[in-house]
Amino acid sequence: MADAPGCGPLRRARQSGSLSLRQRIYEQVRSAGRISRAALAKELRVSPGSVTPPVSDLLAGGLLCELQDEGQPSGRGRPPVTLGLNARRGLVAGMKVSDHEYSALLVDLAGQPVAQATLPRSGADRSVAGLLDDVATLLSRLSGAAGHGAPPILGAGLGLPGMVDHTGGRLRWSPILAARDVDLAGAVSARLGLPVSVDNDANLLTMAELWFGRGRSLSDFAVVTIEYGVGLGLVVDHAPYRGAHGFGMELGHTKVQLDGALCRCGQRGCLEAYVADFALVREAPIALDGALPPRSEVLETLYAQAKGGNEAARAIFDRAGRYLALGLANVANLFDPNRIILSGSRMRYDYLYAAEMLAELPGLTLNTPPPVEVNAWDDLVWARGAAALALSDLTPRLLA
């Protein structure tokens, strides 16, 4: 996580000029954590007098509050007053659906965690009705964990693997649901009684980096995650880029081998058919001599064997690492990001991004490749990104 206080992208004034001054003020206060009126005007490159009316309006509406600064006293001997978000104005829920488990996080309007919950998922149930039941149960658990007297929940973000149209709220396809072309945002919103935003799970991770992680101060960067699939998120000018129809950035389904290994999408030669969890698990019997542990423990066992000197196990990770290097080189050649962040909860499998793998990048790119950083989050990172998605989409509604 980033050391900077506050949450949200750290835009410069010229990069947020298309927004209203009221929204720019609100977002600047949120990203700073707390800030004086004079500093606020300086950061936004406007006159001090011009921030007074919108600040007064935001204070009256309960969106901002005044905080007593514990630092140096003012010239009159009183502590100076700074502005902060009224975090207790409301909460948002972030929820992530995966193959085997749901994770959820409740945060206040300043992005601070309030409650969390998880729920096992039955992979056999691939129906939308089952998903709606589970999401409702998950939100109930979150509300219970927050306790009586908690602020109201104003919105929710939901992410899952597959092709998701964030703008239209539609799920075109997901490996964990049988139905296609579903108005998922509408269905979940009707069930929960809340505004709901939906997105691809890789974009959730990108939102987590953009709002809470190492990407807050970067205008352009790429996030690559390796989990059960391989995902890519791209940030351009401090905002996620999703493509013309919301279906872009499918790095895992770019082809790296014609007529190669079978991918779970039904095609052959996809990057994730060599790098993702399911691809490593598929190769595990070779290294483990057929003595497989329970499915949930296969990857950990394979990794431990590789670390312990099992050459066959190490070869599986080495091959995956070489394909990952090829995928990262393609990202560098296509988008020229300032930085590539390998992010997610599975970054502990460091054979995938060993020094030998990263050393191959210059030979696979036309120019000097961008720096590659690793950010190993906990398992709630996806839900945190979903909460950031909800906060981002809620902001214009709050300020309307």
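All values below were derived from every heavy atom in this structure, side-chain atoms included, with hydrogens, water molecules and symmetry-related copies excluded.
For the atom pair CZ of R242 and CG of D199, the computed distance is 4.0 Å after rounding to the nearest 0.5 Å. The distance from atom CG of L184 to atom CG of L131, rounded to the nearest 0.5 Å, is 6.5 Å. Rounding to the nearest 0.5 Å gives a distance of 10.0 Å between OG1 of T206 and CE of M249. Distance CD/E27 to OG/S20: 8.5 Å, rounded to 0.5 Å. Interatomic distance, I35 CD1 to L64 CG, rounded to the nearest 0.5 Å: 11.0 Å. Residue L251 holds its CG atom at 9.0 Å from CD1 of I226, rounded to the nearest 0.5 Å.
T301 and P293 make their closest contact through OG1-CG, 3.4 Å (heavy atoms, listed as atom of the first residue, atom of the second, distance). The two atoms that bring I176 and R121 nearest to each other are O-NH2, 2.7 Å, heavy atoms only. Between E283 and I316 the shortest heavy-atom distance is O-CD1, 3.4 Å. Heavy atoms only, all atoms of each residue included: L204 and A386 are closest at CD2-CA, 3.7 Å.
Ion pairing between D237 and R11 fails under the 4.0 Å rule for side-chain N and carboxylate O. A salt bridge links R264 and E272; the closest N-O separation between the charged side-chain nitrogens and carboxylate oxygens is under 4.0 Å. A salt bridge between R214 and E373 is present, with a side-chain N of the basic residue lying under 4.0 Å from a carboxylate O of the acidic one. Taking 4.0 Å as the cut-off between side-chain N and carboxylate O, E66 and R37 count as a salt-bridged pair.
Counting heavy atoms from C-beta on, the side chains of D133 and V135 never come closer than 4.5 Å.
Side chain of R24 to main chain of L44: a donor-acceptor pair is present (N/O by atom type, distance under 3.5 Å, no hydrogens or angles). In this structure, R180 contributes its side chain and W173 its backbone to no donor-acceptor pair below 3.5 Å. Panel note: side chain R22, backbone L399; a donor-acceptor pair is recorded below 3.5 Å. Between the D183 side chain and the R170 main chain, no donor and acceptor come within less than 3.5 Å of each other. Checking side-chain atoms of S56 against main-chain N and O of T52 turns up a donor-acceptor pair under 3.5 Å. Side-chain N or O atoms of T254 include none that pairs as donor or acceptor with a backbone N or O of E250 at under 3.5 Å. Side chain of N310 to main chain of A287: a donor-acceptor pair is present (N/O by atom type, distance under 3.5 Å, no hydrogens or angles). A donor-acceptor pair under 3.5 Å is absent between the side-chain atoms of R268 and the main chain of D259, judged by distance alone. At least one donor-acceptor pair under 3.5 Å links the side chain of S143 to the backbone N or O of L139. Distance alone, capped at 3.5 Å, is enough to place a donor-acceptor pair between the N333 side chain and the A329 backbone.
More than 12 heavy atoms of other residues, nucleotides or ligands lie within 6.0 Å of NZ in K255, so this atom counts as buried by the packing criterion.
Screening residues 260-297 for ring-ring contact (aromatic ring centres under 6.0 Å, His included) gives Y228-F278, Y274-Y323 as the qualifying pairs, with residues at least two apart or on separate chains.
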Residues 158-167, side-chain donor-acceptor partners within the protein, below 3.5 Å, at least two apart:
| unit_1 | atom_1 | unit_2 | atom_2 | d |
| --- | --- | --- | --- | --- |
| D165 | OD1 | T167 | N | 3.2 |
| D165 | OD1 | G168 | N | 3.1 |
| H166 | NE2 | D393 | OD2 | 2.9 |

Residues 88-98, side-chain donor-acceptor partners within the protein, below 3.5 Å, at least two apart:
| unit_1 | atom_1 | unit_2 | atom_2 | d |
| --- | --- | --- | --- | --- |
| R88 | NH2 | G149 | O | 3.1 |
| R89 | NH1 | G61 | O | 2.7 |
| S98 | OG | E101 | N | 3.1 |
| S98 | OG | E101 | O | 2.5 |

